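To start, the structure itself, in structure tokens.
Just so you know, these numbers come straight off a predicted model, no measurement behind them. Below, each value reflects all heavy atoms present in this structure, side chains not excepted, and no hydrogens, waters or symmetry copies.
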Amino acid sequence: MAKPYIQKIKPFDADKDFEISLSWTGSRSHANRIIICDYETNAVVFDDTVSSFILKHTIPAHTLTNGKKYTIQAQTYDVEDTPSVLSDKVLFYVFQTPDFRFRNLPDGHIINSSTFTAEINYYSPDWEDISKYRFSLYDASGKLLLNSKELTDDLTISYTYRGLDNNTVYFIRCVGVTVNGMELDTGRQEITVRFEDPNQYARIYASPVPRQGCVQVASNLVIIQYNGTDTFEYIDGMIDLRDKTLYYDKGFLIREDFTVLIRGINLWQTAEIFKMNNGGAGLTLSSRIYAEGKLRFKLTVPNGAGSYILYSDEQVFTNTDMITIAIRRKNNIYQLKVFVEIGGYPKGNLWYGTNRPSRRLMDDHDVWIDTPGETVVIDKDSYTSFLKQEEPQKAIQNDLWIGGD
């Protein structure tokens, strides 16, 4: 008697119903049976028979346990209830559905530029790594406008959409697959592109000068010149300001609303970082490392007899991380925002927090401790390990003590 054949089973979430499909070339099947065994112990965990002409069988939710491997066999029964031989065993995996979503969509999904870099948050409780993924863009009617190439970088899952039209609605989407074949999909997320016309800031004015037989050209661009005596090095496109000060005091004046971006590395310090003024009132951006090992940026703006003060959220980063600090004034109201772009980490770091870092971030000999709070990394050179029975007397936050009974 012929064997039934179990069609390929992609990894699925055991907390949801899942339907498998069978193939059969014998007399018409009136029932089918599946037997599922634990791969490690070979113990039977599910043995079920259904009466149906359709060669499908449902594994109910919560029958299996996520993060494990199983084998499955099937057999069919004809009208006389004669069973076929068991099919060949098929190995399959079950995983909890990973968190796979856009993490940087702004409030209201309003994009204020013709370019948008979409970033994906990916986390698998079962450490199921992502294998490949692709981004898509659709118009308001759902028509596909573009597909990115197939991407494989599992450290930074992102894609930059360019040339977006102003006052236009789009849908963005990312689909992917894990290393064991589990399918991922963010679904279509609506965005609205709405930004100010930049031409008014880059307008070029041309005026004829008849007596000289030429045209005078002017623009809103202002070239400013450093007036100090220090010399500076440029490393990887950045100016090295360690133990130096760069200042400009001629050539421009900001009278109205503005946005200033300060971008750099090696900013883990207690220091004054940036100052600006118009000859009277101004602002100062500074940073301070607190006793608990976290840093805040502080914006101080003189305001009459006192000062207007803003603090950033608590930050934890390393000197290899790229930090962008945005200062904005709108109708005399100030905003302060900090963005951290994670850099490289050497071996042997200590991680702690809610989410386990990906394998690409955790190099050989890194340690991860599951504790409440945001996941952070402590550079191996910034903590001390104590390997003794007695609790150390001079340990500071993030030090590691291994000992006791």
Side-chain angles (χ1 to χ4, degrees), residues 10-13 15-19 95-124 128-178 181-204 220 256-261 263 322 324 326-331 333 335 337-342 355 358:
K10 294 181 179 180
F12 62 91
D13 192 333
D15 293 336
K16 303 174 184 177
D17 290 349
F18 184 79
E19 186 177 74
F95 300 116
Q96 183 176 331
T97 303
D99 183 17
F100 186 72
R101 56 184 170 81
F102 290 103
R103 69 179 179 190
N104 66 325
L105 290 175
D107 293 341
H109 293 191
I110 305 298
I111 308 300
N112 57 8
S113 171
S114 62
T115 299
F116 176 63
T117 299
E119 299 175 356
I120 294 292
N121 182 80
Y122 177 76
Y123 172 67
S124 169
E128 172 72 350
D129 288 342
I130 192 169
S131 172
K132 54 188 177 182
Y133 51 92
R134 186 189 304 272
F135 287 83
S136 303
L137 179 70
Y138 304 82
D139 68 13
S141 68
K143 179 183 176 181
L144 178 64
L145 300 178
L146 69 85
N147 274 325
S148 74
K149 65 179 182 180
E150 194 170 78
L151 304 171
T152 58
D153 182 2
D154 61 352
L155 179 60
T156 303
I157 307 176
S158 65
Y159 178 76
T160 300
Y161 294 95
R162 305 181 187 278
L164 302 176
D165 292 331
N166 196 12
N167 297 316
T168 304
V169 174
Y170 296 97
F171 290 92
I172 59 175
R173 180 186 186 188
C174 185
V175 297
V177 63
T178 68
M182 193 174 198
E183 295 180 347
L184 308 166
D185 192 345
T186 62
R188 299 185 186 186
Q189 300 295 316
E190 181 178 323
I191 61 172
T192 301
V193 180
R194 186 179 302 145
F195 55 87
E196 296 180 1
D197 185 358
N199 290 332
Q200 61 181 307
Y201 305 110
R203 188 171 294 147
I204 295 177
N220 288 336
E256 306 295 338
D257 296 334
F258 63 85
T259 299
V260 174
L261 298 178
R263 183 173 169 85
M322 177 65 71
T324 301
I327 303 171
R328 186 185 186 200
R329 185 182 74 187
K330 183 76 172 179
N331 296 325
I333 302 297
Q335 293 176 303
K337 185 70 175 178
V338 178
F339 304 90
V340 178
E341 299 174 27
I342 296 176
N355 293 337
S358 71

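- Residues satisfying the salt bridge (charged side-chain N to carboxylate O under 4.0 Å, His left out) test with Arg329, not counting sequence neighbours, are none.
- Residues satisfying the side chain to side chain donor-acceptor pair (under 3.5 Å) criterion with Thr324, sequence neighbours excluded, are Arg263.
- Tyr161 meets the side chain to side chain donor-acceptor pair (under 3.5 Å) test with no other residue; sequence neighbours excluded.
- The shortest distance between side-chain heavy atoms of Glu341 and Phe339 does not fall below 4.5 Å.
- The side-chain contact (heavy atoms from CB on, under 4.5 Å) check on Phe171 picks up Tyr138, Arg188, Glu190, with sequence neighbours excluded.
- In this structure a side-chain-to-backbone donor-acceptor pair under 3.5 Å is missing from Asn167 to Arg194.
- Rounded to the nearest 0.5 Å, atoms CD1 (Ile120) and OG1 (Thr156) are 12.0 Å apart.
- What you find for Phe195 and Ser114 is that their closest heavy atoms are CE2-N, 3.7 Å.
- Between Ser136 and Leu146, the closest side-chain pair of non-hydrogen atoms is not below 4.5 Å.
- Tyr170 has its side chain within reach of Val193: a pair of non-hydrogen atoms, C-beta onward, lies under 4.5 Å apart.
- The side-chain heavy atoms of Thr186 and Phe135, taken from C-beta on, include no pair separated by under 4.5 Å.
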Verdict with reasoning, Thr115 to Thr160, per side-chain contact (heavy atoms from CB on, under 4.5 Å): CA-CA 7 Å; Thr115 299; Thr160 300; 3.3 Å; yes

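- Residues Gln335 and Lys330 have side chains not in contact (no heavy-atom distance under 4.5 Å, counting atoms from C-beta outward).
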Residues Leu137, Leu164; criterion side-chain contact (heavy atoms from CB on, under 4.5 Å); working and verdict: CA-CA 10 Å; Leu137 179 70; Leu164 302 176; 4.0 Å; yes

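- Lys16 is linked by a salt bridge (charged side-chain N to carboxylate O under 4.0 Å, His left out) to nothing, counting only residues two or more places apart in sequence or in another chain.
- The minimum heavy-atom distance between Phe95 and Pro11, with the atom names listed, is CD1-CB, 3.7 Å.
- Shown here is Glu256, whose CD atom has no more than 12 heavy atoms of other residues, nucleotides or ligands within 6.0 Å.
- Contact between Leu261 and Ala326 at its shortest, heavy atoms only, is CD2-CB, 3.5 Å.
- Evaluation of the side-chain contact (heavy atoms from CB on, under 4.5 Å) rule for Phe18 yields Ile9, Phe12, Ile20 as partners, not counting sequence neighbours.
- Shown here are the side chain to side chain donor-acceptor pair (under 3.5 Å) partners of Glu150, two or more places apart in sequence or in another chain: there are none.
- Considering only heavy atoms from C-beta on, Leu105 comes within 4.5 Å of Ile172 through its side chain.
- Scored by the side-chain contact (heavy atoms from CB on, under 4.5 Å) test, Ser124 finds Pro98, Tyr122, Asp126, Glu128 as partners (sequence neighbours excluded).
- The side chain to side chain donor-acceptor pair (under 3.5 Å) test applied to Asp15 returns His62, Asn66, not counting sequence neighbours.
- In the displayed structure, Glu183 atom CD is contacted under 6.0 Å by at most 12 heavy atoms of other residues, nucleotides or ligands.
- Arg101 meets the side-chain contact (heavy atoms from CB on, under 4.5 Å) test with Asp99, Arg103, Asn121; sequence neighbours excluded.
- With hydrogens and angles ignored, the 3.5 Å screen pairs a side-chain donor or acceptor of Asp139 with a backbone N or O of Gly142.
- In this structure, Ile130 CD1 and Leu155 CG are separated by 12.5 Å, a value rounded to the nearest 0.5 Å.
- Contact record, Thr259 with Arg328: OG1-CG, 3.4 Å, taken as the closest heavy-atom pair.
- Atom CG of Asp154 and atom NZ of Lys132 lie 14.0 Å apart (nearest 0.5 Å).
- Qualifying salt bridge (charged side-chain N to carboxylate O under 4.0 Å, His left out) partners for Asp185, counting only residues two or more places apart in sequence or in other chains: Arg173.
- Closest non-hydrogen pair, Phe102 versus Cys174, comes out as CZ-N, 3.9 Å.
- From Ser158, atom OG reaches atom CG of Asn104 across 8.5 Å, with rounding to the nearest 0.5 Å.
- Under the 4.5 Å side-chain criterion, counting only non-hydrogen atoms from C-beta, Val175 is not in contact with Leu184.
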